[in-house]
Amino acid sequence: MDFTPSQIEEEAKQQLLSVHSAEELEAFRVAFLGKRSKLARAMEELKNLGAEERKERGREFNHLKQFLQDSIHSRKLSFNSSREAAADFDESLPPIEPLKGKIHPIPQTISEISGIFEKLGFEIVDGPEIETEFYNFTALNIPLEHPSRDSFDTFYTTDGRLLRSQTSTVQIRVMQARKPPLRVIAPGRVYRPDEVDASHSFMFHQIEGLMVDEQVTFSDLKGVLHLFLRELFGPEIKLRFRPHFFPFTEPSVEVDIRWDKGWLEILGAGSVHPHVFEAVGYDPKKLQGFAFGLGVERIAMLRLGISDIRLFYENDIRFLRQF
Ligand code: DAH
């Protein structure tokens with residue numbers, strides 16, 4: 001006998017790798033278990049051996065035979081199940097939709113709002129989230145001892161900077177960097193020392209707007225905001241301009257929209273305060289401007305019918321999938 005059972009087993013394992021069809025499996029079966037296979041010949045030759053060796057070899061060849069039969073059986077099963085799977089395939093059914101990503105409702109709202117202002121000739125600009133006191137307070141006419149600073153005091157870094165509490169900071173940066181005429185909006189994150197509840201979050205998004213030129217009046221502000229809010233909430237929307245105080249605008253207003261039989265505050269605005277122009281080196285006698293700031297979450301909640309601000313940040317796919 002010029003081969004051992006383990007040599008045949010090795011050979012069989014090798015050849016099994018290239019068995020890919022029922023025909024190939026049958027050829028494999030004939031080669032390894034057929035009448036003229038090495039195994040059959042080896043079994044034939046067993047009778048020429050002595051009793052001891054015959055018993056020993058016989059057991060080994062029976063193991064090999066079992067191994068070959070098992071391999072063929074499991075291969076056959078795998079062919080059958082893929083054929084059954086192919087038979088189950090119904091090409092008339094609609095395809096399975098691939099999982100598509102979606103844009104989160106906050107950036108969705110930001111790009112919708114930005115789109116409206118872009119049509120009005122506003123450019124989208126950006127500013128840092130970690131700011132100096134100059135940009136967050138001083139240049140915006142909020143002095144050190146001003147009470148409104150308390151509700152704006154956020155996390156400070158060890159070098160005295162802080163997480164910005166309003167996107168109004170970007171007004172200052174843009175005016176420092178450029179000359180009028182200016183028409184910009186600045187979307188971004190802001191931070192507040194607020195207790196988190198259904199309508200408050202320590203972080204949310206604002207969009208700041210600024211227009212500066214030689215002649216920009218309060219009626220320009222009203223016109224732009226009317227256009228914007230009608231575009232956003234529909235042509236029927238009713239607005240109310242209510243006198244208010246902001247350090248960086250004079251006069252200042254809060255703008256409400258009519259909502260569910262009541263009035264809902266939607267943004268703050270006003271004419272740029274002369275102190276703000278002075279802080280950036282603009283001449284308040286030659287220039288005029290208006291500014292406004294709105295909360296993105298508030299608008300998204302109104303338009304999408306969401307009652308809890310925390311839902312925006314929890315990353316629950318069941319919530320996010322709806323928008
Ligand atoms: N920065 C204000 C805030 O965070 C919002 C604001 C109000 C911005 C009036 C303005 C403005 O530009 O004119 O509450």
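Between Leu64 and Leu39, the closest side-chain pair of non-hydrogen atoms falls below 4.5 Å.
Two rings, from Phe292 and Phe117, have their centers less than 6.0 Å apart. If you look at His244 and Phe246, their ring centroids are closer than 6.0 Å.
No donor-acceptor contact under 3.5 angstrom links the side chains of Ser201 and Asp194, judged on distance only. Tyr135 and Gln171 form no side-chain donor-acceptor contact under 3.5 Å, judged by distance and modelled atom types alone. For His200 and Asp197, the side-chain atoms include at least one donor-acceptor pair closer than 3.5 Å.
Classification of Glu45 and Arg57 as a salt-bridged pair fails, no side-chain N sitting under 4.0 Å from a carboxylate O. Taking 4.0 Å as the cut-off between side-chain N and carboxylate O, Arg29 and Glu26 count as a salt-bridged pair. No salt bridge links Lys285 with Asp283; every basic N to acidic carboxylate O contact stays at or beyond 4.0 Å.
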Between Asp153 and Tyr156, is the side chain to side chain donor-acceptor pair (under 3.5 Å) condition met? List the steps. CA-CA 8 Å; Asp153 267 333; Tyr156 279 78; 2.7 Å; yes
Could you walk me through whether Arg303 and Glu112 pass the salt bridge (Lys or Arg N to Asp or Glu O under 4.0 Å) check? CA-CA 12 Å; Arg303 297 185 71 224; Glu112 224 177 304; 2.9 Å; yes
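A donor-acceptor distance shorter than 3.5 angstrom exists from the side chain of Glu208 to the backbone of Ser168, with no hydrogens or angles considered. Here the side chain of Glu56 pairs no donor or acceptor atom with the backbone of Glu52 at under 3.5 angstrom.
The cluster map of Ile, Leu, Val, Met, Phe, Trp and Tyr, joined by side-chain heavy atoms under 4.5 Å apart, puts Val184 and Val272 in the same cluster. Under a hydrophobic-cluster definition in which Ile, Leu, Val, Met, Phe, Trp and Tyr are linked whenever side-chain heavy atoms come within less than 4.5 Å, directly or via other members, Val170 and Ile110 are assigned to different clusters.
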Show me the side-chain donor-acceptor pairs of residues 9-17 shorter than 3.5 Å, one per line, residues at least two apart or across chains.
residue: Glu9; atom: OE2; partner: Lys13; partner atom: NZ; Å: 3.4
residue: Glu11; atom: OE1; partner: Lys38; partner atom: NZ; Å: 3.0
residue: Glu11; atom: OE2; partner: Lys38; partner atom: NZ; Å: 3.4

